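First comes the structure, then the notes that go with it.
Being a predicted model, the structure only gives us computed values, none of them experimental.
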Amino acid sequence: MVAAMAGFAIEDMFLKSAAATLPVGEILILFGGAGMLVFAALAKSRGEQVLHVAILTPVILIRALFEVTGRLFYTLAIALTPLSNASAILQATPLVVIAGAALVFGERVGWRRWTAVFVGFVGVLVILRPGLEGFTPLTLLAVIGTLGFAGRDLATRAAPPVLSNFQLGVYGFAMMVPAGALLLALSGGAAIPDRFAAAFLACATGIGVLAYYALTRAMRTGDVSVVTPFRYTRLIFAMILGMGIFAERPDLLTIVGSVLIVASGVYALLRSRRRATESIT
């Protein structure tokens, strides 16, 4: 999960750089299509069917819908808002996943971890600062993207075991193509990528494929409530890249909100480990 979060932060950096000269819809088409081809080649190399009948199951269709929502709105967020702010809001994903794991999969989540989830959501509100002068409606793009990614992760947990991580990768990246085409049709204005934009997209694709595989592996093999708190490491990587590459300077409220989110995530992780130890002994 930590490797996946580092990869996604770097991927976001390259996509944000490409968005300086390319429409977001076109980025989704090119990035999604390239990732789909890479995962398809990996699946074929292992003798797996690229198009499996299991993709027609309700869980996979629901996963595809959440995938489109998460990718579309979060890509818009990193293109139109500071990378560190969008990544900070994205840290609500583990909170939603922990709550969803309890409600959907019946995983036991005690009152202490529910308190941590609540504190984490307070941190998100501090970053969003609704009703204050610093609030911008564009930050809601990251919120919608967060809900999409949380739904995708929960659906990944329930995906048919017959589908491999490579096959899920094919379908996940493939869904970006129609989403990008729809966005491009509404906004118009495709552009020919220059050599820098092409290089950014190529790097984002390679790193994104590795990160996507690591994320899928983590969500399918670990206890959701234990694995997901490690997603908070993405915030650290994103802030370092945002400050170092884009000269971003997170303000005090963003830092305070981020601290609340990370602290609640670490506490939830410690509680999860303690529960696991107690159940063994």
Side-chain angles (χ1 to χ4, degrees), residues 1-8 11 15 28-75 90 93-94 96-107 145-182 204-231 234:
M1 183 62 80
V2 173
M5 293 305 103
F8 282 132
E11 171 198 298
L15 291 180
L28 285 173
I29 293 173
L30 296 175
F31 179 61
M36 175 187 65
L37 293 176
V38 171
F39 268 113
L42 291 173
K44 292 292 289 184
S45 69
R46 297 182 58 177
E48 300 170 353
Q49 290 181 327
V50 175
L51 296 178
H52 195 284
V53 67
I55 66 174
L56 299 178
T57 58
V59 170
I60 296 301
L61 296 177
I62 292 173
R63 182 182 185 274
L65 177 61
F66 280 120
E67 181 81 52
V68 169
T69 302
R71 284 288 182 176
L72 175 59
F73 284 94
Y74 185 67
T75 302
L90 189 68
T93 302
V96 179
V97 171
I98 288 176
L103 298 175
V104 178
F105 299 124
E107 291 189 11
T146 294
L147 295 176
F149 284 136
R152 178 201 64 186
D153 290 351
L154 288 170
T156 298
R157 181 73 171 181
V162 68
L163 292 176
S164 71
N165 294 333
F166 290 143
Q167 289 169 315
L168 289 176
V170 172
Y171 313 142
F173 274 90
M175 294 309 302
M176 297 185 209
V177 177
L182 176 60
T205 300
I207 295 173
V209 165
L210 294 174
Y212 196 97
Y213 174 77
L215 172 65
T216 306
R217 179 76 176 271
M219 292 303 299
R220 298 189 80 184
T221 58
D223 185 325
V224 173
S225 59
V226 174
V227 171
T228 50
F230 282 102
R231 299 190 65 146
R234 181 172 184 166

Would you list the atom pairs, donor with acceptor, under 3.5 Å between side chains in residues 29-49 and any protein atom, with sequence neighbours excluded?
from	atom 1	to	atom 2	distance (Å)
S45	OG	L42	O	2.6
E48	OE1	S164	OG	2.6
E48	OE2	S164	OG	3.3

Counting C-beta onward and ignoring hydrogens, is there a side-chain heavy-atom pair between [X] and [Y] closer than 4.5 Å?
| X | Y | answer |
| --- | --- | --- |
| R63 | F66 | no |
| D153 | T93 | yes |
| F166 | Y213 | yes |
| P58 | L61 | no |
| Q167 | L51 | no |

Minimum heavy-atom distance V96-A150, with the two atoms named: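 So the two residues come closest at CG1-CB, 3.5 Å.
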Over all atoms of both residues, closest heavy-atom pair of P160 and T57: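 Scanning both residues, the minimum pair turns out to be CG-OG1, 3.9 Å.
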Distance-only donor-acceptor hits, side chain of residues 170-177, under 3.5 Å, sequence neighbours excluded:
from	atom 1	to	atom 2	distance (Å)
Y171	OH	V50	O	2.7
Y171	OH	H52	N	3.3

Distance-only, no hydrogens or angles: does the T75 side chain make a donor-acceptor pair with backbone N or O of L72 under 3.5 Å?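 No, the answer is negative, given that no donor and acceptor are paired below the 3.5 Å cut-off.
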Basic-acidic side-chain contact under 4.0 Å: R71, E11: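 So R71 pairs with E11 through a salt bridge.
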How many angstroms lie between atom [atom1] of [X] and atom [atom2] of [Y], to the nearest 0.5 angstrom?
| X | Y | atom1 | atom2 | value |
| --- | --- | --- | --- | --- |
| F8 | F149 | CZ | CZ | 7.5 Å |
| L163 | L168 | CG | CG | 5.5 Å |
| T146 | Y74 | OG1 | OH | 8.0 Å |

